[in-house]
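Below you'll find the structure, written out as structure tokens, and then a few comments.
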Amino acid sequence: AVSVLWMYFVERLSLKFGMLEPRICRVLDEYYWFHERHKLVSLLHVMEGAFAGTPFKNIVSRLQGIRVGKRVFDDGFQCNEYTLISIGDYTNLNVEGLIQPHTLEEAVFKSDYVKIGKGCTLGVACNIHYGVTFGDFVVLEPNTFVVKGEIADADTTWRGNPPRAVGGRT
């Protein structure tokens, strides 16, 4: 418990107890290097695996800065840039998935919020990129890569690479 609290304190201190902001900037920009240093300072992600599938995972996620709703089941989804992520109530996050609210394209760093609505199910080994917004009760099937800026309407099921809506919730 002391280690978790210490890592939380160091991580929040690196942000001056603030939050990351969505940005588009060049790699040479000062903000990009601040962002990268913060990502490397964060050690709480090392302990995430130990809490996967337990109620303590949500506590650790909240300490990291993720806005997590009530009764979220997280079986080992991985995240970075925690303060850019919000997860709604009653959401199911399966193992080996990744929420990545940033990218580096042609020497340009881009980051944005990722918002997941309530009651969503994210399948095994899914990858969610920056700027994605899920409505309520969206089902994301296994091995789906949701590309940047995608908006998933409520009560839909998504499949494939690139993903497409294949019907209502199953």
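For the pair T156 and F137, the minimum side-chain heavy-atom distance is 4.5 Å or more. Using a 4.5 Å cut-off on side-chain heavy atoms (C-beta onward), V72 and L93 make contact. No side-chain heavy atom of E141 sits under 4.5 Å from any side-chain heavy atom of W158. For the pair F77/I99, a side-chain contact is recorded, criterion being any heavy-atom separation below 4.5 Å from C-beta on.
For the atom pair OG1 (T144) and CZ (R164), the distance works out to 10.0 Å, reported to the nearest 0.5 Å. Summarising the geometry, atom CD1 belonging to I85 is positioned 10.0 Å from atom CD belonging to Q100; distances are rounded to the nearest 0.5 Å. Here the CD1 atom belonging to I59 is positioned 8.0 Å from the OG1 atom belonging to T54, to the nearest 0.5 angstrom. We find the CG-OG1 distance between D136 and T91 to be 8.5 Å, quoted to the nearest 0.5 Å.
Under the rule for a side-chain contact (heavy atoms from CB on, under 4.5 Å), the partners of F73 that lie at least two apart in sequence or sit in another chain are D75, N92.
With N161 contributing its side chain and N143 its backbone, the two residues share a donor-acceptor pair below 3.5 Å. Although no hydrogens or angles enter the test, the distance criterion places a donor-acceptor pair under 3.5 Å between the side chain of W33 and the main chain of V27. No side-chain donor-acceptor contact under 3.5 Å links R67 to the backbone of I87.
By the neighbour-count criterion of 12 heavy atoms within 6.0 Å, atom CZ of R62 is densely surrounded, having more than that number from other residues, nucleotides or ligands.
D89 approaches G69 most closely through the heavy-atom pair OD1-CA, 3.0 Å. Pairing each heavy atom of L84 with each of E21, the nearest pair is CD2-C, 4.1 Å. Between F34 and L20 the shortest heavy-atom distance is CE2-CD2, 4.0 Å. Considering all non-hydrogen atoms of both residues, A154 and V138 come closest at CA-CG2, 4.3 Å.
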Ignoring hydrogens and angles, write down the donor-acceptor pairs under 3.5 Å from the side chains of residues 106-135, residues two or more places apart or on other chains.
residue	atom	partner	partner atom	Å
K110	NZ	E105	OE1	2.9
S111	OG	R23	N	3.0

